[in-house]
Amino acid sequence: MEITDLTPAEHRVWQAFAVDGGVDFRESDDEDPAAGALWGPERTVRAEVLRALLLNGPTRDGETAGLKLTGTRVTGQLHLMYGTVDHAVRLRSCYFEQAPNLYGAQIRALVLSESVLPGLTAGTLRVDVVLRITCCRISGPVRLAGAQVAGAFFLNGARLGTPAAPGGPDAPDPSDEAAGEPVLQLNHAVIGTDVWAVGLQAHGEVRLNGATVGGQINLDDAELRASGGTALHAETLSVGTDLRAMRLRAHGRVDLSGARVPRQLNFAYARLSNPGGQALRASSCVIGELWLREVPQILGTVNLRRSQLDLLHVPPQAWPDQVRLDGLTYRSLAPHLPAEQRLPLLEREESGYLPHAYEQLTTAYRAVGDEAAARTVQLAKLRRHRRTLPRYARAWGHLQDATVGYGFRPMRAAGWLLVLLLTGACAFALEHPRPLKPGEAPDFNAVFYTLDLLLPIIGFGQEGAFAPRGWYQWLSYLLIATGWVLVTTVAAGITRSLNRQ
C-alpha cells in the first residue's frame, strides 16, 4: 500500500507505527465508543491499512514498532488469518464495523480494551505476551477455541452477547446468525498464567471445555445468563490453582464435570439458578476445596457424583431439594455441625438410599473425633435402609431400634434390662415358682431368678431349679425372649464398634 493512498487519519497512524507512538482520536476521555458508527473520516481507519502496517509496516533502527490506537473507527474486516505479527496490537476504545479475523495468527500482544465489536474470530490464535478484551462490548461470538496465550487473558467487565430479546427471559435475537453459539469459546485453549474475568457479563454460554489455565480463573462478580441452557460449560477444565466465582450470578447450568482444581473452587455468596435442571454439575472432579459459603438455596439439582474433595464447605441451607452424591468422597466438612443438620441432605438423593453417602459422612465425623455424631449417622443409615426391606424385616428393625437403637444406643438396653429385672423380681417375689426337685433346689431368689431368665448365657442355677405356673409362666417366656433380643442387638453393636477400630 502506498502512503499517498492514505487519508489524513491513516497517515497519522502510519507515521506513529514505526516508533510505537500512540494516536488518540478521542474528543474526551469519557466518550462512549458504542457511538462509533457516527464518527467521521477524521477518526476512521480502514482495516486494510492496519493489516498492511501489522504485516509489513515501516520500522526504524533502534525503535520498537507497534500499533497503538485509541478512539478509532475501523471500517472493513481486519483480516490477519494465519498471519505473523511481530508487534504489539493495542486498539483501545475503538469501534469495529466487522468482526476481526485472526484465525491461526501469531501476535506479540493483543489489546482491545473498552472497544465495541460485532464479534471476534481468533481460533488457534497464538499470543506471546497478553490478551486483553477488558470492558469490551462484543455482541457476537468470541471464538478463541484452541488459542494459546503465553501470559494472561483479561476480560474484566466485558459484556459478551446480546441481552435478552422480548421473546423470552434470555432468548437470543432471532435475526442473529450466531444464535445458540457460545458467546465465549475458550475450549481447548491454553493460558499460561491467569484468566481474569471479574465482573464479566455474558448473555449466552461461556465454553471452557478442555481448557488449561496455568494459574487461576477469576469470575468474581460475573453474571452468566443462559436460562434453560448452559451458562458455564467447562468439562475437563484444568486449573493450576483456584477457580474463584465469588458472588457469581449464573442463570443456567454450571457444568464442571471432570474438572481439576487443586486448590479452591470458591462459589461463596454466589447465586446458582437453573430450575428444572442441573444448576451445578461437578461430577468426576478432583478439587481441593469446594466452597459454597453464604450461598442462598440453589435452584436446580447439584451433581457431585464420583468427585474427590479434600474439603466440602457447604451450609445445609445452600443445598437444593434434589442432589446427586453417589460416589462423592471428601475428607472433611465445614462448618462443623451436628449430624442432625447434615442428615436431611442424604434424604434428597435422587437415586434414593445410598449406603456410601452415610458411610462417607460417618468417616468425616470420625476424622474430627466426633464419635457421637458418627453413631447418629450410622443409626440414621440403618433406619433409612429399613424402609427398603420387606414388611417382616421392617418389624424386626423397628424392634431393634426401639429397644437398643440397633446397638448404637447401649444405655437403652441397660434401661430395658433394669425395668424387666424390677418387673420380674417383684412378680416372682409375690409368688415363688414351685421347685422341680424340692429336696435339691437352692433357696429361691427372685432377682437372680429373673436375671437367669433375661441373660441367655450367664446362669445362676435358678432357672433350671424352678418352674412357674399360670401367667407367671408366660411372664418367664416374655423375659427370655426380650433378653435374647437385647443381648443379640447389643452384641451386634459391640461387633460393629470393634470392626471400626
Nearest heavy-atom pair of [X] and [Y]: which atoms, and what distance?
X      : Y      : answer
Ala250 : Val254 : CB-CG2, 3.7 Å
Val261 : Thr241 : CG1-O, 3.7 Å
Ala259 : Ala234 : CB-O, 4.3 Å
Ala231 : His251 : CB-O, 4.0 Å
Pro275 : Ser273 : CD-OG, 3.5 Å
Leu292 : Ala318 : O-CB, 4.3 Å

Worksheet item: So Arg263 and Asp242, salt bridge (charged side-chain N to carboxylate O under 4.0 Å, His left out) or not? Walk me through it.
Response: CA-CA 5 Å; Arg263 290 182 58 186; Asp242 306 314; 3.6 Å; yes
Salt bridge or not between [X] and [Y]? Use side-chain N to carboxylate O under 4.0 Å.
X      : Y      : result
Glu349 : Arg324 : no
Asp86  : Arg108 : no
Asp255 : Arg207 : no
Glu235 : Arg260 : no
Glu114 : Arg92  : no

Item to complete: Give the C-alpha distance, both sets of side-chain angles, the deciding distance and a yes or no for salt bridge (charged side-chain N to carboxylate O under 4.0 Å, His left out) between Glu223 and Arg249.
Response: CA-CA 5 Å; Glu223 183 172 5; Arg249 289 164 292 171; 3.6 Å; yes
Within the structure provided, determine whether [X] and [Y] are in side-chain contact (heavy-atom separation under 4.5 Å).
X      : Y      : result
Leu125 : Ile107 : yes
Gln317 : Gln297 : no
Leu186 : Val206 : no
Cys136 : Val116 : no
Leu102 : Thr121 : no
Pro316 : Leu337 : yes
Thr44  : Thr7   : no
Leu243 : Asn266 : no

Please answer whether the main-chain N or O of [Y] pairs with a side-chain N or O of [X] as donor and acceptor at a distance below 3.5 Å.
X      : Y      : answer
Ser307 : Ser284 : yes
Asp221 : Val198 : no
Asp32  : Ala35  : no
Ser115 : Leu91  : yes
Asp220 : Ala222 : no
Asp194 : Gln216 : yes
Arg384 : Leu354 : no
Thr84  : Gln106 : no
Asn101 : Tyr103 : yes
Glu10  : Arg46  : yes

Worksheet entry | Arg253 versus Thr301, side-chain donor and acceptor atoms under 3.5 Å | no
Practice prompt. For the pair Gln264 and Arg244, evaluate side-chain contact (heavy atoms from CB on, under 4.5 Å) and give the outcome as yes or no after the intermediate values.
Written response: CA-CA 7 Å; Gln264 281 191 3; Arg244 292 170 52 94; 5.7 Å; no
Find the distance between [atom1] ([X]) and [atom2] ([Y]) and round it off to the nearest 0.5 Å.
X      : Y      : atom1 : atom2 : value
Leu299 : Leu280 : CG    : CG    : 13.0 Å
Trp196 : Leu155 : CH2   : CG    : 12.0 Å
Tyr365 : Gln378 : OH    : CD    : 13.0 Å
Arg305 : Glu350 : CZ    : CD    : 5.5 Å
His313 : Leu265 : NE2   : CG    : 13.5 Å
Arg26  : Leu69  : CZ    : CG    : 12.0 Å

Discussion item. Given Tyr269, which partner from the list Arg247, Glu294, Arg293 fulfils the side-chain hydrogen bond (donor to acceptor under 3.5 Å, both in side chains) test?
Written reply: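 The residue from Arg247, Glu294, Arg293 that satisfies side-chain hydrogen bond (donor to acceptor under 3.5 Å, both in side chains) with Tyr269 turns out to be Arg293.
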State whether the number of non-hydrogen atoms from other residues, nucleotides or ligands found under 6.0 Å of [X] atom [atom1] is greater than 12.
X      : atom1 : value
Lys381 : NZ    : yes
Arg271 : CZ    : no
Arg348 : CZ    : yes
Arg387 : CZ    : yes

Item to complete: May I have the step-by-step check of side-chain contact (heavy atoms from CB on, under 4.5 Å) for Arg51 and Leu80, ending in yes or no?
Response: CA-CA 7 Å; Arg51 182 178 187 275; Leu80 294 170; 3.8 Å; yes
State whether [Y] and [X] meet the cation-pi test: NZ (Lys) or CZ (Arg) under 6.0 Å from the six-membered ring centroid, and within 45° of the perpendicular axis.
X      : Y      : answer
Arg12  : Phe25  : yes
Arg43  : Trp39  : yes
Arg132 : Phe154 : yes

Practice prompt. Would you check, one step at a time, whether the test side-chain contact (heavy atoms from CB on, under 4.5 Å) holds for Leu311 with Tyr330?
Written response: CA-CA 6 Å; Leu311 172 68; Tyr330 47 87; over 6 Å; no
Discussion item. Assess the residue pair His385 and Tyr358 against the criterion (ring-ring contact (aromatic ring centres under 6.0 Å, His included)); give the C-alpha distance rounded to whole Å, side-chain angles, the decisive distance to 0.1 Å, and a yes or no.
Written reply: CA-CA 11 Å; His385 175 62; Tyr358 289 88; over 10 Å; no
Worksheet item: Would Ser257 and Ser283 count as a side-chain hydrogen bond (donor to acceptor under 3.5 Å, both in side chains) if you check the C-alpha gap in whole Å, the side-chain angles of each, and the deciding distance to 0.1 Å?
Response: CA-CA 5 Å; Ser257 179; Ser283 57; 3.2 Å; yes
Fill in: Near-ring test Phe17/His87, centroid separation under 6.0 angstrom
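Yes - the distance between ring centres of His87 and Phe17 falls below the 6.0 Å cut-off.
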Discussion item. Asn274 vs Leu272, test: side-chain contact (heavy atoms from CB on, under 4.5 Å). Steps then yes/no.
Written reply: CA-CA 7 Å; Asn274 189 27; Leu272 307 179; over 6 Å; no
